Amino acid sequence: MSNIFHAYKLKVDDILGTMAANGDLPKDLDMSRVKVEPPKEAAHGDMATNAAMVLSKAAGKNPRQLGEALAEKMKKMPEIKEVSVAGPGFVNFRLADSEWGGAIRNILIEGIHYGDSKMGRGEKVNIEYVSANPTGPMHAGHVRGAVIGDTLANLLQKAGYDVTKEYYFNDAGNQIEVLTQTAYLRYREALGENIGAIPEGLYPGEYMKDVVNALVARDGKKWLGVPESVWAKPVREFAVDYIMKMIRDDLDIIGIHHEVFSNERVMIEDGTLEKSFNTLMEKGLIYQGTLPPPKGKEMEDWQPVELTLFRSSNFGDSSDRPLKKRDGTWAYIMPDIAYHYNKIQRGFKWMINVLGKDHQGYEEKIRPAIAALAGDKKDVRLNVVYCAMVKLFKNGEPVKLSKRSGNLITLRELVEEVGAGVVRFFMMTRTPDSELDFDFTKVVEQSKDNPVFYVQYAHARCCSVFRKAKEMFPGLDTSPGALAKANIARINTPEELQLVRFMANWPRAIEAAAAEHEPHRVAFYLYDLASEFHAFYHKGNDNVSLRFLQENDKELSLARLALVEAVRTVIASGLAVMGVTPVEEMHG
RNA sequence: GCGCCCGUAGCUCAACUGGAUAGAGUGUUGGCCUCCGAAGCCAAAGGUUGUGGGUUCGACUCCCGCCGGGCGCACCA
């Protein structure tokens, strides 16, 4: 929970408060923009505050003057070594070395929980991701959203939110009807009938054979020669259950485990869907009407149709939305609306959906309904994270993803070829909304343009130092608890302190990434930390006195092992958020 | 036509959400293994942040206008 920047922000706030009390500053200043951050250039100091610049206007003083006044007060603090005013009015300061020693000790004590934050104050948040319908195994196209969703969930958890990981699937729509038809056809095939090619529009995948083989094993020929009204339900239920099991198993191999599975059918059966529709109706938000033709799109088959519409334009939508199709069945959006209503009823005020970019516009359509259904709960909010496509490459050739073409790459194949850690990390190396090239061959080569190995290597190196330490000092207690008691004051070279300063940023990185819903920042942070560590490590090549282990100075070695353990801990902490298992040795 | 996203080094991307001299990888060039692991490190070179205005102490970041690209815009999810 420790965050040294928070600690110093409070100290600066205190001083400003005192200045206001003394009449040096006006009372009731808006201090919300005051920050304590690391300066961009390490040469400027350990920390900097923008207080003087932000407050100067309201205080009626020029920023430099105000900065000087603030600096004078800060100079009197024993934990601050040096203060200066620079540039337009930044107040830069350096901490006493002992403060950084405390920072290392905190990392060792908190272990993998270092970086945890109270930012979320235990607020409940529902994060829905994957949510593929049960029509087939997970394929590569699902992976990005799955990994981003899972990492975001971990991240929010670390930032102090009460996170529920949720999967929603549609088991009552068209796709499921197609699945049922496909399953029955394959069922007849499995029992010896010649069915020819799978007709256009049904699912051609070979996995359907596994589904029906299991069905045959359970029910034999029970469903042959009976009317569809008899076989449809059991075949459908069997197929859905079987494929959902496949999907869960697929997700398991990249370490994704949802806590809650929701589905459309339950909402139909328990009346949630009906109830949310009626609620909208009671509010006078439903009417029969005809929408104008969509603009800018060639629609030769367009014809005006009277549909059941929801007045979403009352809530900022660009158009009203149909809730029923012309045949009277629900449009896809209605069960989704009901599902969000269901989440609100379960006590969630904050909902996040992770979707593919091809679902763009979803938020605009759902949010009005949420606003209408939330009633007086004004603080209900929905965020959608849209994930751009992943382009797969193999030997430099793009790999096409299409259900028809048959050369579809499954998640399982992907993971078996490159490993779960590589998949998870690599998916995090771009902002969610930018396209990502994933080249099998490059990733398998394990070359140095592979960030995963760079970070893993840093972790392995840390472990390697400990192995070496055991040889050099047999019986040495290198547990974090023991290292926390080392004489950490021995860590005082600029190179060492730079590393410590970087690690002091980990809690800030977590908070920033969580606040912006940008889990990729964790990957970038880890890459940078690994880079700092590798650079420091190599300084020991040129300068023997900088090596971690000094045979004739056990005290110094222990202090530096504390530093190494801190690095290892922060990397492990970050990899945990990303769902990647740290390695202790590199091989291959 | 409307909406959302994007435009940063030759290429792929960052930039702590308004901070100081815009940074990494890759590619190019040149160094470093008698060494705690060279899957690594160091250095050089590479930029009018698409463009024109505006807001302010301060803009890659916010606002407006252009230019260029991606995606989405009834009764698919």
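Bear in mind that the values here come from a model prediction, so they are computed numbers and not experimental data. We name chains A, B, ... by the order of the sequence lines, and we start the count at 1 in each one.
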With sequence neighbours excluded, what pairs up with [X] under the side chain to side chain donor-acceptor pair (under 3.5 Å) test?
{"X": "A:N383", "value": "A:W350"}
{"X": "A:D317", "value": "A:S312, A:R321"}
{"X": "A:R64", "value": "none"}
{"X": "A:R501", "value": "A:D46"}

In residues 306-315 of chain A, which residues come under 4.0 Å of RNA chain B by heavy atom?
none
Taking RNA chain B as the partner, which of residues 547-560 of chain A come within under 4.0 angstrom of it by heavy atom?
A:R547, A:F548, A:L549
Should A:Y362 be listed as having a side-chain N or O under 4.0 Å from OP1 or OP2 of B:C73?
no
Do any side-chain nitrogens or oxygens of A:R461 fall under 4.0 Å of OP1 or OP2 in B:A39?
no
What distance, rounded to whole Å, do you find between the two C1' atoms, one in B:U55 and one in B:G18?
12 Å
Dot-bracket for RNA chain B, please, read 5' to 3', with Watson-Crick or G-U wobble pairs under 3.5 Å on both distances, ( ) within the strand, [ ] crossing, | other strand, . unpaired.
(((((((..((((.....[...)))).(((((.......))))).....(((((..]....))))))))))))....
Testing B:C57, B:C35, B:C76 for proximity to the side chain of A:R33, the answer is B:C57
Check the angle between the aromatic planes of A:Y527 and A:Y454 and answer parallel, tilted or perpendicular using the 30° and 60° thresholds.
parallel
A:F5: which residues meet the ring-ring contact (aromatic ring centres under 6.0 Å, His included) condition with it, sequence neighbours left out?
none
Check ring-ring contact (aromatic ring centres under 6.0 Å, His included) between A:F315 and all other residues, then give those that pass, not counting sequence neighbours.
none
Please list every donor-acceptor pair under 3.5 Å in which a side-chain atom of residues 517-526 of chain A meets a protein atom from a residue at least two apart or in another chain.
residue: A:E518; atom: OE1; partner: A:R521; partner atom: NE; Å: 3.0
residue: A:E518; atom: OE1; partner: A:R521; partner atom: NH2; Å: 3.1
residue: A:Y525; atom: OH; partner: A:F502; partner atom: O; Å: 2.9

For nucleotides 7-13 of chain B, read 5' to 3', which letter fits each nucleotide if B means a protein heavy atom sits under 4.0 Å from the base, S means only the sugar-phosphate is that close, and - means neither?
-----SS
With the criterion being N/O to N/O and under 3.5 Å, what pairs connect the protein with nucleotides 59-62 of chain B, and how long is each?
none

